[in-house]
Novice: 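What follows is a structure written as structure tokens; I'll ask about it next.
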2 protein chains.
Amino acid sequence: MAAQPRRELLLDTAQRLFSAEGYHATGIDRILAESGVSKATLYKHFASKEELVLAVLRRRHDQFLQAMERHLQAAEGEPVLQVFDLLHQWFHSGDFHGCNFINASAEYAQESPAILACTRQHKASVRQLLEQWLPTVPEVSRAGLAERLALLMDGAIVSAQAGGNADAALTARDMARSLLSHYRR
Amino acid sequence: MAAQPRRELLLDTAQRLFSAEGYHATGIDRILAESGVSKATLYKHFASKEELVLAVLRRRHDQFLQAMERHLQAAEGEPVLQVFDLLHQWFHSGDFHGCNFINASAEYAQESPAILACTRQHKASVRQLLEQWLPTVPEVSRAGLAERLALLMDGAIVSAQAGGNADAALTARDMARSLLSHYRR
DNA sequence: GGTTAGGTGAACAGATCTGTCTATGTCAAG
DNA sequence: CTTGACATAGACAGATCTGTTCACCTAACC
């Protein structure tokens, strides 16, 4: 048997190609050719291309939230600021092609309500996680502040990708810092 | 002859479909069917689908910057804050499907360097225009502040589209307000 | 009336898309 | 050894994609 289970191999390849080339632009055949998996196997694991896209997004959701939690827990100073360092790393990793969810939604917003729903849920989870890491902020302000921090994250992602500003995370981090000090006062 | 010149009719139809359905998801035939223009005419005006996409983006660039300038000039209070009111109107217009440039870049970043370049230029122009409307801010701070305001705009657009938060522009406007007061001090 | 410019409709080419299916191969457990 | 689970290559169907070409039409202008 292959070193990697077929299903995981397919998800890895699909995630890489979808991110770099886009969803409609990446054909099933391309994923099969690069992964070396047969078409019958793909359709045994995923009922359709849309299901494959959803599986990639769900896995990406888990990966991203786990990475966020790691950074939040390992923080020495203010935890939520560490999230922007995570973004900074990501933007400079050579594997950055914008947010999978934003990109997928742009292509499938009309075509697949499930994909749009998956994106909405992802963004809501990010806000929720941020909110849990604002203990020094009055409870009434937490939701609003988490919304603002999430907006800064999204802004940084777009600035880095579409605007070509690879250091957007540092700018957003600085904005988050003044936002926090303002809210704590 | 038709009430609207063929070329403009094609651009209108293409812009509407590309925005709502995506670029790869919208076939040439669909644009022809909805506009009632023949295929030969389309290829007389645009050498390829990519050229059509570029023409749509360039027109959108002009439209957006003109709308920004209108709001900046008509402002009573702080001009740059009016830009977020423009966003707010846009998000609630029923014709909002995210930023054309962000979406196009996600689909064509690898496939077409020209489309990516068009997006970069658009985002740079927005920053530049903002910078020109910050007279009350020390000149050394203007570029940095314009970058931050542009980041807030992009964050609001993504929050509204992918996050489903139609009032993101109001949040971003409020963040911009404190940012401005901080910079003016 | 004749010319010309621009548009139409339809067929066509060639590629690519998703998804199905069949026949074959391989490996591990009973 | 047999059986069953899983994987393979590859043909195939049917649709759709971009882009080309050609014969015809129509309306304005000289």
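Chain naming here is simple, since letters A, B, ... match the order of the sequence lines and numbering starts at 1 in each.
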Novice: Using only atom types and a distance under 3.5 Å, with no angle test, would you say the side chain of B/Asp154 pairs donor to acceptor with the backbone of A/Ala162?
Specialist: no
Novice: Would you say B/Ser181's side chain and B/Ser178's backbone share a donor-acceptor pair under 3.5 angstrom?
Specialist: yes
Novice: What residue pairs, at least two apart or across chains, pass side chain to side chain donor-acceptor pair (under 3.5 Å) with a residue in residues 78-88 of chain A?
Specialist: A/Glu78-A/Arg184, A/Asp85-A/Arg173
Novice: Could you tell me the separation between the OH atom of A/Tyr43 and the P atom of C/dG19, rounded to a whole number of Å?
Specialist: 4 Å
Novice: Find out whether the Lys NZ or Arg CZ of B/Arg70 is both under 6.0 angstrom from the six-membered ring centre of B/Trp90 and within 45° of the ring's axis.
Specialist: no
Novice: Start with the C-alpha distance between A/Ser35 and A/Thr13, add both sets of side-chain angles, then the distance that settles side chain to side chain donor-acceptor pair (under 3.5 Å), and finish with yes or no.
Specialist: CA-CA 6 Å; A/Ser35 65; A/Thr13 311; 4.6 Å; no
Novice: Rounded to whole angstroms, how far apart are CD on B/Glu111 and P on D/dC17?
Specialist: 15 Å
Novice: Among B/Leu57, B/Leu54, B/Val53, exactly one meets side chain to side chain contact (heavy atoms under 4.5 Å, CB included) together with B/Tyr108. Which residue is that?
Specialist: B/Val53
Novice: Can you measure A/Leu10 atom CG to D/dC6 atom P for me and round it to whole angstrom units?
Specialist: 15 Å
Novice: Do A/Lys39 and A/Asp29 sit within salt-bridge range, that is, some charged N less than 4.0 Å from a carboxylate O?
Specialist: yes
Novice: Scan residues 46-56 of chain A against DNA chain C and write down, sorted by residue number, each residue with any heavy atom closer than 4.0 Å; if none is found, say none.
Specialist: A/Ser48, A/Lys49
Novice: Is there a donor N/O on one and an acceptor N/O on the other, under 3.5 Å, for the side chain of B/Lys39 and the base of D/dG19?
Specialist: yes
Novice: Looking at C/dG6, does its base get a donor-acceptor pair with the side chain of B/Lys44 below 3.5 Å?
Specialist: no
Novice: Would you mind reading off the distance between A/Leu42 atom CG and D/dA9 atom P, rounded to a whole angstrom?
Specialist: 13 Å
Novice: Quick check on contacts: within residues 16-38 of chain B, what sits under 4.0 Å from DNA chain C by heavy-atom distance?
Specialist: B/Gly36, B/Val37, B/Ser38
Novice: Assign the ring pair B/Phe101 / B/His122 to parallel, tilted or perpendicular, where the plane angle (0 to 90°) is split at 30° and 60°.
Specialist: parallel
Novice: In whole angstrom, what separates A/Leu9's CG from D/dT8's P?
Specialist: 9 Å
